[in-house]
Amino acid sequence: MRASQFHLSTTRETPSDAEIASHQLMLRGGYIRRLGSGLYSWMPIGIRVLRKIEAIVREEMNKAGALEVLMPSVQPSDLWEESGRWGKFGPELLRLTDRHNREFCLGPTHEEVITDIARRDIKSYKQLPLNFYQIQTKFRDETRPRFGVMRSREFIMKDAYSFNIDEASLQHSFDAMHKAYCAIFDRMGLNYRAVEADSGSIGGAQSREFHVLADSGEDAVVYATHGDYAANIEKAAAVCNTTRAQATKEMQRVDTPGVHTIDDLAKHLQVDASLCLKTLLVVGSEEPVVALVLRGDHQLNEIKVEHLPEVAEPLTMADAEQIKAAANCDAGSIGPVGLNIPVIADADAACMSDFICGANSNDQHLTGVNWERDVPQPIVRDIRNVVEGDANPTGEGTLKIVRGIEVGHIFQLGDKYSQAMNATVLDENGKPTMLMMGCYGIGVTRVAAAAIEQNNDDKGIIWPMSIAPFEVVICPVNMVKSDAVKAAAETLYQELSDAGVDVLFDDRPLRPGAMFTDMELIGIPHRFVISDKLLANNEVEYRARADSESSVIAYDQIMSKLVSH
RNA sequence: CGGGGUAUAGCGCAGCCUGGUAGCGCAUCUGCUUUGGGAGCAGAGGGUCGUAGGUUCGAAUCCUGCUACCCCGACCA
């Protein structure tokens, strides 16, 4: 491609509404343009990146035996009524009405449509297993779109759905997708982790998220220093390897006027927050309220709590009235001693001795409290977020926490949708049996942003080769003045094009500085500079975008230079 | 949905407090010079000041409503 025939539209200034690197650089590099909140147009250079990402995804999906389909983005409401999600989904589902007053939605996902296809088309176990995928535009009316295409409302997603006769076959399809996803993200040159994840309200046996590691990531990803344990913090198991120490102090009541938080308490008594006990009251499933108990320096994991049978779903904190009724005090002074409701404690909280907690009396706390002696042994459950340094739940080592951008999610749906929508096939005995399903997504547009988050510097983007809009750029110096430079650049352009290299020839009449700055901003991985001075020795200058130094190489070394990278 | 903020040329901003014919930098266009790290000079074009109403002789500026967008939080199969 000749730059003069292309549309490059770069800006020096950073748009004021862009916060993170990928958003700023995509705008400055002319990759995307904003149309409305969470709505972006992809410009010519941007779509080249998307197409490369899609091509890799297609190849690996096809290789894994998945079959491409394309489903409508507008979906009739009756399918969603069938699955029960028309009522459940909430305002994130953008609903529309057509001229006949029939209701539709813009598809945020396609389980309903694909299940409808499957129940019409798949009759026999002999047709299984099957895996259908599509690359489609989705719409989710996010409460707060942000970070450009990272969390936009309209986005492109690859979604695949496997259909299996039983769980063993489903596990097979799941494993194949896991492998395919690793191949995809490997080929994109991304630093990522596959982690255990909560499967959300959708349920299912297994769930893995693929996270690109980047400081700006919205998720916290946990991994073990030894072994291969890795999980989303929503899911990561908190274990306690210590045992409870002997009680050494007597329980005492102390006045703590105006103390309502663990921070206040720790400061007031001049102790570490880890010696305090935090008690939270939430609405129970059978009891009106239940108490959740954590070490003062730990944080409640709402997702884990919501899964507890004792706790009402969705998770609801007790209101002031309920707290008064259960603990006879206000929030900020609650403690387990004397509470007449179920007490669920985190393992670490249950290991504490001589601890400090609320006295269930305003402006008073108890010190030197001990389980069993002063308060009955609580129910022990995992209800907290792990913290850095926690023990690895699967063995040796400790846990580390990094930020991640979720770019893929695979999980086993089981028969949730086939059950709801009556999708059955005949098994070997001629008996109808529910289809087992798996669901596998990759955020195509988000991958582009994630790749930039992970690969950029103060000059701009540094694309991994496999998803760069162009692989190589030719920068001729002062081509308008030099026929020799022009001829050499044209020849090199021709040779690289003929060799199948995705090359951009910057034939714009720009000064070298402006040209280099542009190309560094848009992030082309390889650059060859041609000038009269170099040509005299039959040389060109080469520089990889990721390198800080350039080198002068012989003209006939160009191809081998590209191959070696 | 709660809290905060912004809206003036394609982008970044000033002007508003204290009302009086809309300005700067970058970008764009023309010409000349320049050409290895965002060139210089000369000239030019481009704005219903988000929108509707009000106050006033006069509103970008003061007042009210509305809308859009951004940030923090809640939310996110």
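All chains are named by letter (A, B, ...) in the order of the sequence lines, taking the proteins before the strands, and each is independently numbered beginning at 1. Model, not experiment: these values are computed from the prediction. Only this structure's heavy atoms are used, side chains among them; waters, hydrogens and symmetry mates stay out.
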Problem - Cationic N near anionic O, under 4.0 Å, A/Asp141 to A/Arg153 - result: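 Result for this pair is yes, salt bridge flagged.
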
Over how many whole Å does the gap from [X] atom [atom1] to [N] atom [atom2] extend?
X	N	atom1	atom2	answer
A/Ile303	B/A74	CD1	C1'	14 Å
A/Leu510	B/G37	CG	P	14 Å
A/Glu406	B/C76	CD	C1'	10 Å
A/Glu218	B/C72	CD	C1'	14 Å

Roughly how many Å apart are [M] and [N], using the [atom1] atom of each and rounding to a whole number?
N	M	atom1	value
B/C63	B/U21	C1'	24 Å
B/U64	B/U56	C1'	16 Å
B/U28	B/G20	P	34 Å
B/G25	B/G58	P	34 Å
B/A22	B/G46	P	14 Å
B/A14	B/C26	C1'	15 Å

Handout entry: A/Ser37 side chain near B/C70 phosphate (N/O to OP1/OP2, under 4.0 Å)
Key = yes

Handout entry: Candidate pair A/Tyr31 and A/Arg48, rule side-chain hydrogen bond (donor to acceptor under 3.5 Å, both in side chains), full reasoning
Key = CA-CA 9 Å; A/Tyr31 283 87; A/Arg48 293 180 72 96; over 6 Å; no

Problem - Pair assignment for B/C11, Watson-Crick or G-U wobble, requiring both distances under 3.5 Å - result: B/G25

Handout entry: Watson-Crick or G-U wobble mate for B/A42, both contacts under 3.5 Å
Key =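 Its partner is B/U30.
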
Practice task
Between A/Pro15 and A/Pro108, just flag the one whose closest nucleotide in RNA chain B comes earlier from the 5' side.
Solution key: A/Pro15

Fill in the blank from the handout: Note: for A/Glu19 and A/Pro512 on RNA chain B, the residue whose nearest nucleotide lies more 5' is A/Pro512

Check: [N] base within 3.5 Å donor-acceptor of [X] side chain:
X	N	value
A/Ser531	B/G36	yes
A/Arg151	B/C76	yes
A/Arg12	B/A27	no
A/Thr143	B/C75	yes
A/Arg527	B/G37	yes

Problem - CG on A/Asp457 to CD on A/Glu520, rounded to 0.5 Å - result: 8.0 Å

Problem - Minimum-distance nucleotide (side-chain atoms of A/Glu92 versus B/G38, B/C76, B/U35) - result: B/C76

Handout entry: is_close_aromatic(A/Tyr440, A/Tyr161), centroid dist under 6.0 Å
Key =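 Ring centres of A/Tyr161 and A/Tyr440 not closer than 6.0 Å.
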
Exercise for the section: Please find out if less than 6.0 Å separates the ring center of A/Phe470 from that of A/His526. Expected result: no

Handout entry: Donor-acceptor pair, side chain of A/Ser285 and main chain of A/Ala312, under 3.5 angstrom
Key = no

